Protein chains: 2
Amino acid sequence: MSTIKDVARIAGVSVATVSRVANNGPKVSSKTKEKVQKIMAELGYTPNANARALVTQKNTTIGVVIPELNDPFFASLANGVEQISRQHNMQLLLSTGQLSAESEMQAIDLLVGRRCDVMVIHSKKLSDEQLIALSQRIKGLVIIDRYVAAIAERCIWLDNFEGGKIAARHLLALGHKNLACITSKYQIDDPELRLNGFTNELNASGIPLDEQLIACAEPSLQGGEVAAQNLLASGKPFSAIFVYNDAMAIGAISTLEDNGYRVPADISVIGFDDVLLSRYSRPKLTTLNYPIEVMAKQATSLALALVNSQEVASQSSTLKHIPRLVKRESTNICNVKATEINLR
Amino acid sequence: MSTIKDVARIAGVSVATVSRVANNGPKVSSKTKEKVQKIMAELGYTPNANARALVTQKNTTIGVVIPELNDPFFASLANGVEQISRQHNMQLLLSTGQLSAESEMQAIDLLVGRRCDVMVIHSKKLSDEQLIALSQRIKGLVIIDRYVAAIAERCIWLDNFEGGKIAARHLLALGHKNLACITSKYQIDDPELRLNGFTNELNASGIPLDEQLIACAEPSLQGGEVAAQNLLASGKPFSAIFVYNDAMAIGAISTLEDNGYRVPADISVIGFDDVLLSRYSRPKLTTLNYPIEVMAKQATSLALALVNSQEVASQSSTLKHIPRLVKRESTNICNVKATEINLR
DNA sequence: TTGAAAGCGATACCAT
DNA sequence: ATGGTATCGCTTTCAA
């Protein structure tokens with residue numbers, strides 16, 4: 001790989017001049033400029049970004065830490081960050097946290113080692129204290145999908161509690177009175193918040209959720225199948241289910257249909273996240289849209305603003321996002337007869 | 001951010017010594033080692049990876065270029081690369097090509113600027129010549145999902161032609177005689193190769209594909225729906241469809257069922273790729289598994305071996321991958337009566 | 001075992 | 001308009 005010195009020597013100028021040309025510097029005669037550019041092209045010279053970063057003390061990479069890349073949800077998150085970095089001519093340095101606190105921390109350390117000062121991290125494993133300490137060390141650190149009160153101005157998060165309430169209201173509005181819920185056994189706060197929002201709204205309407213109609217399983221297609229089986233096995237009637245996420249919802253629907261129930265004719269099902277899957281499933285899933293890509297873009301812009309000490313638009317209220325109900329085919333008005341059949 | 005000098009000054013030693021400690025150097029008394037480590041911890045010192053790369057001329061990042069992050073297929077690819085980089089304590093530098101030759105090239109240039117010498121790139125837009133030129137400049141460049149003869153030893157690819165043949169054999173073995181095909185209008189070679197393999201095998205069996213039963217559309221759910229409509233509109237009977245990818249297959253199934261055909265009872269459908277979707281759709285999709293993650297891992301290992309001038313395991317034959325038939329629920333033995341109904 | 005100093009590739013200040 | 005050179009943070013001989 002040729003260096004600035006090579007270019008300078010061959011072009012018969014100093015490295016300073018080459019540097020000026022490479023950076024569109026202010027004072028270079030168009031003649032030498034042309035000459036240098038020609039040599040640069042001939043040599044296939046590309047400035048060494050690392051050396052540049054060293055002397056300018058500015059880094060053009062932005063770091064992302066997510067649990068894993070394979071999950072479409074996180075891929076969308078990364079995609080949002082990528083779009084903004086591209087706009088700012090910065091590059092993505094991506095590390096995965098692999099679902100353990102240790103490797104999450106290690107991923108961040110690696111980014112720090114690269115002197116990456118803008119970072120968007122999705123952490124479910126690190127403690128609040130660790131996150132707070134980290135954000136003090138790293139000016140441009142923004143937390144996504146999690147709310148930590150002490151550093152609220154650095155958190156872009158979704159109101160899961162409100163999401164639960166929205167789901168409840170939707171089902172209630174359709175006339176459902178016998179409700180069930182499928183939740184996840186993993187993750188930190190999200191399942192609990194969603195469930196709490198759901199029950200909270202139900203209680204407010206005087207239609208409490210039967211404890212026995214809460215099934216808990218892994219947040220996957222299989223988990224949804226298992227949970228639905230358990231719900232059915234309880235022998236209790238229900239005409240609608242609020243499910244932790246779309247994958248589980250699709251699994252649940254599968255089990256319900258295998259057992260002779262039609263969705264939504266007999267039982268309504270509402271998911272959460274609005275991932276690609278939900279548009280491909282049949283019936284198409286009614287769900288709550290999690291605007292992860294929008295949030296990721298916002299997080300990235302915020303992180304960028306933080307390192308540039310820019311006036312961070314002070315509408316901190318907008319750091320919180322509310323999921324949006326996406327009505328598709330898996331929910332419908334309560335069919336009383338069907339509910340009675342359930343009682344058989 | 002504290003530097004090696006800070007540590008040296010405070011610990012009362014030279015930077016050379018600190019460097020030795022940081023790199024587990026050979027000759028340091030355990031006493032000074034301890035002392036230095038203590039200071040490093042206190043200062044929260046992390047060596048600057050860029051400076052290190054500058055002097056050692058070794059980079060610990062590996063670059064990936066994919067069209068976009070949002071597509072689950074490419075996310076799996078990135079995931080494979082990430083796993084191997086993690087194993088080698090290297091970090092992912094990710095750029096997206098955004099489906100244009102220009103930005104694909106730009107993405108690669110950025111990687112080169114970072115002196116990233118190991119890279120896995122998925123390019124559909126760059127010409128063979130450009131790829132060849134690139135691979136000469138960049139020792140550790142490996143092409144994935146594409147075969148370029150002149151640099152065959154740097155290509156990890158899937159035999160799409162063979163995939164088409166496998167699909168044909170499967171359908172033929174189920175007794176289907178009236179076949180249809182849905183292909184994609186975009187992408188460079190893949191659709192054509194798959195279709196050619198398919199027709200090739202059919203011709204060999206004396207059951208040629210009716211030209212009018214080839215529908216072409218965008219490689220998406222909607223595209224699949226449109227294509228299936230066109231197939232139906234042709235008025236020609238068919239009992240099985242080979243579809244370009246899983247998303248289109250699911251769209252096609254949707255249209256077929258809306259028109260009163262049952263899958264697979266009346267019409268069998270086979271997809272391609274075996275993405276997550278195919279396991280979630282109902283009926284679960286029979287498809288051809290594209291082992292993209294395995295391929296990505298292999299590509300990464302190969303790229304790594306290339307820069308280390310290692311003996312690249314000379315079984316170049318294994319650079320080619322064959323898709324594997326995954327028999328699920330969307331294909332079944334040909335139901336003659338149903339086919340006749342089609343003729344109505 | 002430890003330190004001094006050269007040098008990696010670039011920028012930017014100070015001269016000229 | 002151009003060149004000389006100190007400097008960024010680190011590794012790596014070479015001496016001591």
Side-chain angles (χ1 to χ4, degrees), chain A residues 1-40 43-61 89 91 109-117, chain B residues 1-40 43-61 89 91 109-117:
Chain A
M1 196 79 250
S2 53
T3 73
I4 196 172
K5 283 183 189 167
D6 299 326
V7 179
R9 184 170 29 81
I10 299 179
V13 298
S14 72
V15 292
T17 301
V18 178
S19 176
R20 288 188 192 101
V21 174
N23 296 287
N24 263 310
K27 294 164 179 296
V28 249
S29 74
S30 53
K31 203 172 59 184
T32 50
K33 185 170 180 176
E34 252 176 64
K35 183 173 57 182
V36 171
Q37 284 175 329
K38 183 160 155 278
I39 306 292
M40 295 202 303
L43 263 47
Y45 167 73
T46 312
N48 184 322
N50 293 326
R52 219 175 225 180
L54 189 58
V55 45
T56 60
Q57 304 279 36
K58 293 192 195 316
N59 209 42
T60 56
T61 70
N89 290 312
Q91 286 165 83
D109 280 343
L110 285 173
L111 259 22
V112 172
R114 292 251 159 239
R115 293 303 179 269
C116 179
D117 43 12
Chain B
M1 195 79 253
S2 53
T3 74
I4 197 172
K5 282 184 191 167
D6 299 325
V7 178
R9 184 168 32 79
I10 298 179
V13 298
S14 72
V15 293
T17 301
V18 177
S19 176
R20 288 189 192 101
V21 174
N23 295 288
N24 261 311
K27 294 162 179 298
V28 247
S29 74
S30 53
K31 203 171 60 185
T32 49
K33 184 170 179 178
E34 252 176 63
K35 183 174 58 183
V36 171
Q37 283 176 330
K38 183 161 156 277
I39 306 292
M40 294 201 305
L43 263 47
Y45 168 73
T46 311
N48 184 323
N50 292 325
R52 216 175 227 181
L54 189 57
V55 44
T56 60
Q57 302 279 40
K58 292 192 194 319
N59 209 45
T60 56
T61 69
N89 289 311
Q91 285 165 84
D109 280 342
L110 285 173
L111 259 22
V112 172
R114 294 248 159 242
R115 294 303 181 268
C116 178
D117 43 12

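Sequence lines set the chain letters: A, B, ... in the order given, protein chains first and strands last, and positions in each chain run from 1. Just so you know, these numbers come straight off a predicted model, no measurement behind them.
- Between the CZ atom of B:R52 and the P atom of C:dA10 there is a distance of 21 Å, given to the nearest Å.
- Contact annotation: side chain of A:R20 to base of D:dG3, donor-acceptor pair present below 3.5 Å.
- In the set D:dG4, C:dT11, D:dT12, D:dG4 carries the atom at the smallest distance from any side-chain atom of A:A16.
- Nearest to the side-chain atoms of A:V15 among the listed nucleotides C:dG9, C:dT11, D:dG3 stands C:dT11.
- Checked against D:dT2, D:dC10, C:dT11, the side chain of A:V28 finds its nearest nucleotide in D:dT2.
- Shown here for B:R115 and A:T46, the closest heavy-atom pair between the two residues is NH2-O, 2.5 Å.
- One atom, CZ of A:R115, and another, P of D:dC8, lie 14 Å apart when rounded to the nearest Å.
- Separating the CG atom of A:L54 from the C1' atom of D:dC8 is a distance of 4 Å, rounded to the nearest angstrom.
- Phosphate contact (OP1/OP2 of C:dC8, side-chain N/O of B:K58, threshold under 4.0 Å): absent.
- For the pair B:D6 CG and D:dG9 P, the interatomic distance rounds to 8 Å; values are reported in whole Å.
- Separating the CG atom of A:N48 from the C1' atom of C:dA10 is a distance of 8 Å, rounded to the nearest angstrom.
- Looking at heavy-atom distances under 4.0 Å, B:S2 makes no contact with the nucleic acid at all.
- For B:T17, counting side-chain heavy atoms from C-beta on, the closest listed nucleotide (C:dA12, C:dG3, C:dT11) is C:dG3.
- Within 4.0 Å (heavy atoms only), A:N50 reaches no atom of the nucleic acid at all.
- In this structure a side-chain-to-backbone donor-acceptor pair under 3.5 Å is missing from A:N50 to B:L54.
- When distances are taken from the side chain of B:Q57 to each of C:dC8, C:dT11, C:dT2, the shortest belongs to C:dC8.
- A:V18 comes within contact range of no nucleotide atom at all, as no heavy-atom separation falls under 4.0 Å.
- No side-chain donor from either of B:T3 and B:R9 sits under 3.5 Å from a side-chain acceptor of the other.
- Within the 4.5 Å cutoff, no side-chain heavy atoms of A:P47 are placed close to those of A:I4.
- The CE-C1' distance, from B:M1 to D:dC10, rounds to 14 Å in whole Å.
- Base contact: B:S19 has a heavy atom under 4.0 Å from a base atom.
- Between the side chains of A:N23 and A:R52, at least one donor N or O lies within less than 3.5 Å of an accepting N or O.
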